[in-house]
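To start, the structure under review is shown below, and the notes come after it.
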Amino acid sequence: MRLGPRAMYGQFMLEIAKSTPNLMVISADLGRSSGLDRFKKQFPDKYMTVGISEQNMIGVAAGLAYEGYKVFVSSFAPFLSMRSSEHIRMNLGYMEHPVNLVALGSGVSMGFLGNSHFGLEDIAYMRSIPNMNLSSPADCTELGKILLDYTNNNRGPSYIRLTGIPGSKNVYKNDYKYEFGKGKILEKGEDILIVATGSVVGQSLEAVKKLQKSNIYPELINIHTLNYTVKFLKNFLFKKKFKRILVIEEHSVIGGLSSMISELIADNQLNIILDKIALPNSYVKNGEYNFLLNYYGLSSDKIYKKIIKIING
């Protein structure tokens with residue numbers, strides 16, 4: 001079975017540490033869950049754990065960033081985005097310290113641990129903080145490119161949202177050019193525009209491939225840098241005319257990617273119908289990851305059926 005995003009985060013940081021002397025990786029007592037077991041053994045001087053103390057971790061990280069360290073911190077998505085939100089708002093957003101927050105288990109990938117560990121509202125929280133970059137890789141290949149980009153560039157504070165589990169669908173089978181802030185067009189078409197983010201991009205791509213066999217040709221865009229969504233899509237939509245947009249995200253229907261695009265359509269008075277597949281504004285079921293995706297309409301089969309229904313009116 002392929003490694004999941006949490007394990008690959010640890011693998012990528014091992015490689016980054018070899019060429020980044022001022023790197024500091026911090027965990028809130030989740031070194032193993034962050035895939036950092038090998039990292040802390042090989043680079044003990046670049047690793048720190050602060051215990052189950054996420055708010056304090058943000059303060060420590062901000063101080064290290066101020067002293068010139070390249071800082072990455074990790075914890076489960078709800079603890080990082082919500083429990084620490086005030087500290088992120090002031091120490092990172094307001095002070096603009098370039099700390100990279102790696103949110104483990106966003107969406108429903110924590111499965112049976114349930115709503116206490118599900119990252120359902122984290123985009124909504126983080127996008128409300130000024131100066132905060134929001135990244136959501138479609139697969140582990142893209143995660144590696146995002147981590148390297150934040151390592152090599154001072155982009156200010158960032159939130160990297162890890163969704164999916166070991167065995168989640170790959171989007172990129174070959175190397176590709178990653179561009180910060182620009183959505184990646186995966187499939188070109190004209191029948192409907194599909195905009196997706198995170199691991200459900202893979203589900204969306206599989207659905208599009210199936211639709212093409214039925215002579216339905218959607219255009220599919222992977223939005224990996226969410227805080228640039230409006231700027232990118234505004235320019236894109238003014239160049240190419242679509243009558244309908246379908247937004248697909250493993251996040252609450254409130255405050256995430258679909259909300260960003262709703263605001264774009266309203267603010268620019270665009271004559272576009274918006275459809276969405278997202279998690280409901282409620283506490284969701286516990287269960288195995290792929291079961292939950294299918295239950296909430298985020299599996300490739302359910303996405304395919306949704307688009308057929310839209311196309312058929």
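Excluded from the calculations below are hydrogen atoms, water molecules and symmetry mates; all remaining heavy atoms, backbone and side chain alike, are included. Since we're looking at a predicted model, the values are computed, not measured.
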Ile123 side, atom CD1; Ser106 side, atom OG - distance, nearest 0.5 Å:
7.5 Å
State plainly whether one hydrophobic cluster holds both Val230 and Met132, where clusters connect Ile, Leu, Val, Met, Phe, Trp and Tyr through side-chain heavy atoms under 4.5 angstrom apart.
yes
Do Ile273 and Ile192 sit in the same hydrophobic cluster, where Ile, Leu, Val, Met, Phe, Trp and Tyr count as joined when their side-chain heavy atoms come under 4.5 Å apart?
no
More than 12 heavy atoms of other residues, nucleotides or ligands under 6.0 Å from CD of Glu288: is that the case?
yes
Sole residue of Asp149, Asn133, Asn100, Thr225 in side-chain hydrogen bond (donor to acceptor under 3.5 Å, both in side chains) with Ser158
Asn100
My understanding is that only residues two or more places apart in sequence, or in another chain, count here; which of them pass side chain to side chain contact (heavy atoms under 4.5 Å, CB included) with Gln11?
Leu3, Met8, Leu14, Arg38
Heavy-atom check, side chain of Thr229 versus side chain of Thr197, under 4.5 Å:
no
With sequence neighbours excluded, residues passing side chain to side chain contact (heavy atoms under 4.5 Å, CB included) with Leu274:
Ile245, Val247, Ile261, Ser262, Ile265, Lys276
Which pairs pass ring-ring contact (aromatic ring centres under 6.0 Å, His included) with one or both residues in residues 89-111, sequence neighbours excluded?
Tyr66-His97
Residue pair Ile194, Ile307: steps toward the side chain to side chain contact (heavy atoms under 4.5 Å, CB included) verdict
CA-CA 9 Å; Ile194 301 174; Ile307 295 170; 3.3 Å; yes
With sequence neighbours left out, the residues meeting side chain to side chain contact (heavy atoms under 4.5 Å, CB included) with Asn312 are Ile308
Go through the structure and list residues passing salt bridge (Lys or Arg N to Asp or Glu O under 4.0 Å) with Asp175, not counting sequence neighbours.
Lys145
Going through the checks in order, is the side chain to side chain contact (heavy atoms under 4.5 Å, CB included) test met by Val60 and Val71?
CA-CA 10 Å; Val60 171; Val71 184; over 6 Å; no
I would like to know whether Ile129 and Leu92 meet side chain to side chain contact (heavy atoms under 4.5 Å, CB included); could you show each step before the answer?
CA-CA 9 Å; Ile129 298 176; Leu92 304 188; over 6 Å; no
Closest heavy-atom contact between Ala77 and Gly119?
CB-CA, 4.0 Å
Inter-residue atom distance Ile52.CD1 - Ser27.OG, 0.5 Å rounding
10.0 Å
Is there a side-chain contact between Leu134 and Arg161, using heavy atoms and a 4.5 Å cut-off?
no
Take atom CD of Glu190 as the centre, draw a 6.0 Å sphere, and report whether it contains more than 12 heavy atoms from other residues, nucleotides or ligands.
no
Residue pairs passing the salt bridge (charged side-chain N to carboxylate O under 4.0 Å, His left out) test where at least one lies in residues 301-312, sequence neighbours excluded:
Lys210-Asp301, Asp301-Lys305
Derivation and outcome, side chain to side chain contact (heavy atoms under 4.5 Å, CB included), residues Met57 and Ser75:
CA-CA 10 Å; Met57 179 173 65; Ser75 186; 4.3 Å; yes
Between the main-chain N or O of Ile254 and the side-chain N or O of Ser252, is there a donor-acceptor pair closer than 3.5 Å?
yes
Sequence neighbours left out, what pairs pass side chain to side chain donor-acceptor pair (under 3.5 Å) with at least one residue falling in residues 108-121?
none
When you compare the side chain of Glu187 with that of Lys209, does any pair of heavy atoms fall below 4.5 Å?
yes
Over all heavy atoms of both residues, which pair between Asn268 and Lys234 is shortest? Give the atoms and the distance, please.
OD1-CE, 3.2 Å
Testing the basics here: between Ser34 and Leu104, what is the closest heavy-atom pair and its distance to 0.1 Å?
OG-CD1, 3.3 Å
Interatomic distance, Asp122 atom CG to Leu80 atom CG [nearest 0.5 angstrom]:
9.0 Å
Listing request: all ring-ring contact (aromatic ring centres under 6.0 Å, His included) pairs with a residue in residues 154-176, at least two apart in sequence or in separate chains.
Tyr172-Tyr176
Heavy-atom distance under 4.5 Å between the side chains of Pro137 and Ile160, does that happen here?
yes
Is a side-chain N or O of Lys188 found less than 3.5 angstrom from the main chain of Tyr217, in a donor-acceptor match?
no
Please check if the number of heavy atoms outside Arg89 that lie under 6.0 Å from its CZ is greater than 12.
no
Do any N or O atoms from the side chain of Asp139 and from the backbone of Val171 form a donor-acceptor pair under 3.5 angstrom?
yes
Heavy-atom side-chain contact between Tyr283 and Leu120 under 4.5 Å:
no
Lys40 side-chain N/O to Tyr47 backbone N/O, donor-acceptor pair under 3.5 Å
no
Between Leu101 and Ile58, is any pair of side-chain heavy atoms under 4.5 Å apart?
yes
Sort and list the pairs that fulfil ring-ring contact (aromatic ring centres under 6.0 Å, His included) and have at least one residue in residues 219-271, not counting sequence neighbours.
Tyr178-His224, Phe180-Tyr228
Which pair of heavy atoms, one from Pro98 and one from Asn154, lies closest together, and at what distance?
CB-OD1, 3.2 Å
Pairwise distance CE(Met126) to CG(Leu226) - rounded to 0.5 angstrom
13.0 Å
Do side-chain atoms of Gln55 reach the backbone of His87 as a donor and acceptor pair under 3.5 angstrom?
no
Got a sec, which residues hit side chain to side chain contact (heavy atoms under 4.5 Å, CB included) with Ser199, two or more places apart in sequence or on another chain?
Thr163, Glu250, Tyr289
Any sub-3.5 Å donor-acceptor pair from Glu206's side-chain atoms to Ser300's backbone N or O?
no
Between OG of Ser299 and CG of Leu293, what distance do you get to the nearest 0.5 Å?
7.0 Å
Ile277 and Gly297: which non-hydrogen atoms are nearest, and at how many Å?
CG2-O, 3.2 Å
Gap separating the CG atom of Asn222 from the CG atom of Leu205, nearest 0.5 angstrom:
9.5 Å
In chain order, what residues pass the salt bridge (Lys or Arg N to Asp or Glu O under 4.0 Å) check against Lys241, with sequence neighbours excluded?
none
Do the side chains of Leu220 and Ile311 join up, straight or via other hydrophobic residues, at under 4.5 Å, putting them in one cluster?
yes
Can you tell me which residue pairs pass the ring-ring contact (aromatic ring centres under 6.0 Å, His included) test with a partner in residues 293-313, sequence neighbours excluded?
Phe291-Tyr295
Electrostatic pair Lys18-Glu15, nearest N-O below 4.0 angstrom:
yes
State yes or no: do Leu148 and Phe72 share one hydrophobic cluster built from I, L, V, M, F, W and Y residues joined by side-chain heavy-atom distances below 4.5 Å, directly or via other members?
yes
Got a sec: does the CG of Asn271 have more than 12 other heavy atoms crowding it under 6.0 Å?
no
Side-chain heavy atoms of Asn22 within contact of Thr20, under 4.5 Å:
yes
Any side-chain heavy-atom pair from Tyr69 and Ile26 closer than 4.5 angstrom?
no
